[in-house]
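Structure, as structure tokens:
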Amino acid sequence: MNAPAVDRTHWYGRGIKAAFRSVQVGVLFASYVGFGGLIHDVDFPLAAAVLSTALIWALPAQLLLVGAFAAGTAAPVVALAIGLSSVRLLPLVVTILPYLRGRGGRRGLLFLAAHYVAITLWVEGMRHLPTLPAEGRRPFYFGLVTVAHGGAVLSTFVGYALAGTLPHALATGLLFLTPISFLLALTRNARDLVDRLSLAFGLALAPVMALYAGTLDLLWTGLVGGTAAYAAHRLWEKRA
Amino acid sequence: MSLDPALWPYLFVILAGFLPTEIWRAAAVVLAHGLDEDSEWLIFVRAVATALVAGVITRIVLVPTGDLVAVPLAIRVGAVAGGFVVFFLARRSMLLGVLAGEAIMIAGAWLSEAR
């Protein structure tokens with residue numbers, strides 16, 4: 001059974017409103033302004049950059065792609081690098097999808113929902129979706145997506161137009177938005193012991209893995225840090 | 001095979017960018033099939049996802065790329081710490097925390113340029 005259309009519109013609107021009030025989404029826009037500036041600097045066609053936002057929808061992969069294209073790196077090498085670094089999307093999608101399935105959900109719609117999962121939507125989704133009634137979750141999520149995606153495209157244009165006019169220190173500030181906002185958002189979203197531990201372990205392990213774990217260092221950080229946090233959580237529950 | 005060189009960036013986006021990212025999302029849809037939102041498995045996968053995103057944060061700060069490289073390590077770490085402290089002092093306000101961290105970073109970048 002699907003929710004009545006009026007209800008769906010209501011929750012879609014709530015998602016749109018939530019996106020406009022989200023610091024995380026604002027940070028995403030600022031980061032895409034930076035992306036727009038970069039493609040201007042390396043002469044990447046604006047329309048292809050907009051296509052990359054629609055199809056890839058993961059800024060680190062897009063930055064890698066444009067940088068590699070400008071450097072003349074062969075497509076299969078770039079595909080491999082992006083493929084390896086994008087494994088991180090898998091756990092994000094797996095954890096958010098149960099909230100988006102709804103009742104009698106169509107499979108195609110799930111693939112579409114999954115396409116828009118990247119760190120920003122994951123953070124905002126995991127913050128709001130569990131608190132919403134089941135029938136409101138999917139429309140709410142697509143409301144978030146509409147604003148985030150539309151704004152990212154618009155921001156790319158703005159960054160392209162502004163390229164070269166931003167003072168250097170401000171451009172550096174744009175790059176710093178991602179780490180500081182993700183850190184605060186994860187801290188805010190951490191509800192219980194396992195969340196806090198996995199956050200702490202991930203922060204601490206990353207430099208070690210960056211040195212010793214090669215190109216898959218982030219995946220190892222996630223697997224080792226997450227497993228340790230989960231094990232601690234199980235031990236804690238047994239004692240309680 | 002003849003291909004208009006103007007089309008190459010678009011093809012590059014699809015072949016080297018879209019396919020290698022989308023494959024993981026599609027695999028996740030298949031894997032998540034039947035998983036309940038309270039399942040024990042999901043707690044584990046969420047722990048992995050959280051640790052992974054946390055790893056992204058440290059890596060950008062400690063092993064940066066682009067313009068951040070030019071900013072001394074002490075300022076990068078100081079900006080994170082400052083943002084974190086203000087976030088808690090301002091009763092978990094993301095906006096104030098981000099602004100505080102950014103203020104330290106931009107001032108630091110500007111000063112280290114000026115020298």
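At a 4.5 Å heavy-atom cutoff, the contact between B/Leu15 and chain A is made by backbone atoms alone. Heavy atoms of A/Leu205 lying under 4.5 Å from chain B are absent altogether. Using a 4.5 Å cut-off between heavy atoms, A/Ala75 touches chain B through backbone and side chain atoms alike. Proximity to chain B involves both the backbone and the side chain of A/Ala47, based on heavy atoms less than 4.5 angstrom apart. Residue contact with chain A, scored on non-hydrogen atoms closer than 4.5 Å, is absent for B/Ala6. If you measure heavy-atom distances from A/Trp57 to chain B, the contacts under 4.5 Å come from both the backbone and the side chain. Contacts of A/Leu90 with chain B are made by both backbone and side-chain atoms, with heavy-atom separations under 4.5 Å. Only the side chain of A/Thr178 comes within less than 4.5 Å of a heavy atom in chain B; its backbone stays farther off. Heavy atoms of A/Met126 lying under 4.5 Å from chain B belong exclusively to its side chain. Contact of A/Leu199 with chain B is made through backbone and side chain together, with heavy-atom distances under 4.5 Å. Interface residue B/Val53: backbone and side-chain heavy atoms are both found under 4.5 Å from chain A. Both the backbone and the side chain of B/Phe44 come within contact range of chain A, judged by heavy atoms closer than 4.5 Å. When heavy atoms are compared at a cutoff of 4.5 Å, A/Phe201 does not approach chain B at all. Of the atoms belonging to A/Leu177, heavy atoms from both backbone and side chain fall under 4.5 Å from chain B. Looking at A/Thr73, the atoms closer than 4.5 Å to chain B (heavy atoms on both sides) all sit in the backbone: N, CA, C or O. When heavy atoms are compared at a cutoff of 4.5 Å, A/Asp217 approaches chain B solely by way of its side chain, counted from C-beta outward. There is no contact between A/Ala81 and chain B, counting heavy-atom distances below 4.5 Å. For a residue to count as touching a neighbouring chain, one of its non-hydrogen atoms must lie under 4.5 Å from one of that chain's; by this rule B/Leu62 touches chain A with the side chain only.
In A/Leu223, the CG atom is crowded: over 12 heavy atoms of neighbouring residues, nucleotides or ligands sit closer than 6.0 Å. Within a 6.0 Å sphere centred on CZ of B/Phe88, other residues, nucleotides and ligands contribute more than 12 heavy atoms.
Between A/Thr187 and B/Arg92, the closest heavy-atom pair is O-NH1, 3.5 Å. Between B/Val13 and A/Ser52 the shortest heavy-atom distance is CG1-CA, 3.6 Å. Across B/Thr21 and A/Ser86, no two heavy atoms sit closer than the pair CG2-OG, 3.1 Å. Of all heavy-atom pairs between A/Trp122 and B/Ala49, the closest is CZ2-CB, 3.8 Å. When all heavy atoms are compared, the tightest approach of B/Arg59 to A/Ala210 is CD-CB, 4.4 Å. Minimum interatomic distance between A/Leu218 and B/Gly55 (heavy atoms only, all atoms of both residues): CD2-C, 3.6 Å.
Chosen from B/Ala109, B/Gly101, B/Pro9, the residue pairing most often with chain A at heavy-atom distances under 4.5 Å is B/Pro9. Ranked by heavy-atom pairs under 4.5 Å with chain B, the first of A/Val87, A/Val66, A/Leu38 is A/Val87. Of the listed residues (A/Val194, A/Leu184, A/Ile119, A/Thr95), the greatest number of heavy-atom pairs within a distance under 4.5 Å of chain B belongs to A/Leu184. The residue among B/Val61, B/Val71, B/Leu42 with the most heavy atom pairs within less than 4.5 Å of chain A is B/Leu42. When each of A/Ala206, A/Ala171, A/Ala114 is checked for heavy-atom pairs under 4.5 Å with chain B, A/Ala114 comes out on top. The choice from A/Leu197, A/Leu92, A/Leu65, A/Asp192 that makes the most heavy-atom pairs within less than 4.5 Å of chain B is A/Leu65. When the candidates A/Ala49, A/Ser198, A/Ser181, A/Gly226 are compared by the number of heavy-atom contacts under 4.5 Å with chain B, A/Ser198 comes out ahead. Comparing A/His233, A/Arg88, A/Arg188 by how many heavy-atom pairs each has under 4.5 Å with chain B, the most go to A/Arg188.
Contact of the A/Asp195 side chain with the B/Arg46 side chain is registered, since non-hydrogen atoms from C-beta on lie closer than 4.5 Å. Between B/Phe84 and A/Leu183 there is a side-chain heavy-atom pair separated by less than 4.5 Å. At a threshold of 4.5 Å between non-hydrogen side-chain atoms, the residues B/Ile106 and A/Leu170 count as touching. Considering only heavy atoms from C-beta on, A/Leu186 comes within 4.5 Å of B/Ile57 through its side chain. Residues B/Met105 and A/Leu175 form no side-chain contact, since every pair of their non-hydrogen atoms from C-beta on lies 4.5 Å or further apart. For the pair B/Phe87 and A/Ile180, the minimum side-chain heavy-atom distance is 4.5 Å or more. At least one side-chain heavy atom of A/Tyr230 sits less than 4.5 Å from a side-chain heavy atom of B/Glu40.
With hydrogens and angles disregarded, a donor-acceptor distance shorter than 3.5 Å links the side chain of B/Arg25 to the backbone of A/Val117. Counting only distance, with no hydrogens or angles, the side chain of A/Arg101 and the backbone of B/Ala32 share a donor-acceptor pair below 3.5 Å.
Taking CG of A/Leu84 as the reference point, atom CH2 of B/Trp24 lies at 7.5 Å (rounded to 0.5 Å). The distance from atom CD1 of B/Ile23 to atom CG of A/Leu89, rounded to the nearest 0.5 Å, is 12.0 Å. We find the OG1-CG distance between B/Thr50 and A/Asn189 to be 8.5 Å, quoted to the nearest 0.5 Å. In this structure, the separation between CG on B/Leu95 and OG on A/Ser22 is 10.5 Å, given to the nearest 0.5 Å. The distance from atom CZ of A/Arg234 to atom CD1 of B/Ile43, rounded to the nearest 0.5 Å, is 8.5 Å. Of the inter-residue distances, the one linking A/Phe176 atom CZ with B/Ile75 atom CD1 reads 11.0 Å to the nearest 0.5 angstrom.
The side chain to side chain contact (heavy atoms under 4.5 Å, CB included) test with A/Val94 is passed by exactly one of B/Leu31, B/Val30, B/Val29: B/Leu31.
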(request) Go through the steps for A/Thr221 and B/Leu52 under the test side-chain contact (heavy atoms from CB on, under 4.5 Å), then give the verdict. (result) CA-CA 6 Å; A/Thr221 301; B/Leu52 209 149; over 6 Å; no

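Classified by interplanar angle (parallel below 30°, tilted 30° to 60°, perpendicular above 60°), the ring pair A/Phe69/B/Trp8 is tilted.
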